[in-house]
Protein chains: 2
Amino acid sequence: MEKKLFAFLEKYMPLEKEEKQAITDLDLFRNYKKGTVILREGHIARENYFVISGCIRTYYIIDGEEKTTAFFTEFESVLTNSIRKDKPAEYNLACVENTVLVVSNPSIEKLTFEKFPRFEKLCRIFSEQLLAKNQASFDSFRTNTPEQRYIELLEKRPDLVQRVPQYQLASYLGIKPESLSRIRKRLQEQVQQVVK
Amino acid sequence: MEKKLFAFLEKYMPLEKEEKQAITDLDLFRNYKKGTVILREGHIARENYFVISGCIRTYYIIDGEEKTTAFFTEFESVLTNSIRKDKPAEYNLACVENTVLVVSNPSIEKLTFEKFPRFEKLCRIFSEQLLAKNQASFDSFRTNTPEQRYIELLEKRPDLVQRVPQYQLASYLGIKPESLSRIRKRLQEQVQQVVK
DNA sequence: CGCTTTACTTAACATAAGTCAACCAAAAGC
DNA sequence: GCTTTTGGTTGACTTATGTTAAGTAAAGCG
């Protein structure tokens, strides 16, 4: 598992032995079973997560209905402690599958940044990139129709369509499950037309 | 103008005199006239911006149609150089009004971070917060209908509705200008019903 | 000042998504 | 193994947005 974390970090900068050792010593890896709620709405979010394996999602309960707004799979990060300190979360965080996470918190990060200042630069660059990705996704969501969003999802994250229940994908696409069902049917029919 | 920048930065940490002087010496302020295109699709984005006054927007040209996806006004930041180096931008950046910006680039930032390492921490925290805000907005966009989005815009950024053309607001809300027109009409009629 | 362009509105119609309800299949629980 | 629950599909109908086109008012420009 640590191999995966180091492999990810070393895409940004090579690590010294003692840096790796320090990270290992922190013992940050956690196992969660499918369905586990990691963060519950109304609680204070203090941790950041990095997905080693599995899948987690953020969701809201709005008028009694569950609305899934994000999925995080292998090598993706979830920053939760950064909105405003001590402001309760408006969303939930739960495991779609059995999941292995790297879990950090502000005090761990503070100590690590003090000991290895260049990790702070790494995290700055990293969060800037996350922001850029997020903005690009948002732009795409704004400018596309639900059907286009689904097609794009099939292209960019085909694994999600396989591993995630469709009612969660539907709200992720900003629509109702019935509509997603119809979109899939429409697309299938179009493919069959072309095959003929 | 520098007062505004310092006031903003000092919400995060008090600045030393020499830090302020160093920033002043960098001479980062730029004036742009309404309509000026700051970054054009296909060009390499290398700069980051901070809005002192005025308003800028990002937009795409898709099938010959302009799609506005973001607005930035006083005290907001636009990070452009962070997706991947040397990858041409897919969007345009232009001034909705006469605008004053703080303009930085990677080499300025590199020098500044070397001279004042705590600026790197500031920027890390800052971009983490931007990310959190962006994610929250995205979640809200996913879970709301166009009408709800417009109502939320009226509440959270009432200035935008005044200073930005409606056809730009429409694509920002993920709809066509005609639909925004109808939403406004519907809401007006509802208000009149209540007043009676 | 008059003309052109642009932004916005409105209407009629087409299309896609929302709603409600029924149904089915697979999975989960007992 | 049977029952219950959950996830997914389908159909009929409602509602909202997209499309196309026309019209208007204001802004911009020569």
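This structure is a prediction, so every number in the text was calculated from the model and none was measured. Order of the sequence lines fixes the chain letters, A, B, ..., with proteins taken first and strands second; residue numbering starts at 1 for each chain.
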* Between OH of A:Tyr59 and OG1 of B:Thr143, what distance do you get to the nearest 0.5 Å? -> 15.0 Å
* **Step-by-step ring-ring contact (aromatic ring centres under 6.0 Å, His included) determination, B:Phe141 to A:Phe138** => CA-CA 9 Å; B:Phe141 194 95; A:Phe138 199 168; 5.4 Å; yes
* Asked: Could you give the CD-to-P distance, from A:Gln148 to D:dG18, as a whole number of Å?
  -> 11 Å
* Asked: So, the side chain of A:Arg57 versus the backbone of A:Phe71: is there a donor-acceptor pair under 3.5 Å, distance only?
  -> no
* Asked: In the 5'-to-3' direction, what one-character label does each nucleotide of nucleotides 7-23 of chain C receive under the scheme B = base within less than 4.0 Å of a protein heavy atom, S = sugar-phosphate only, - = no such atom?
  -> SSSBSB----SBBB---
* Is there a salt bridge (Lys or Arg N to Asp or Glu O under 4.0 Å) between B:Glu114 and B:Lys110 once you walk through the steps? -> CA-CA 6 Å; B:Glu114 283 167 2; B:Lys110 185 164 182 289; 3.1 Å; yes
* Under 6.0 Å from the CZ atom of A:Arg40, do we count more than 12 heavy atoms belonging to anything else shown? -> no
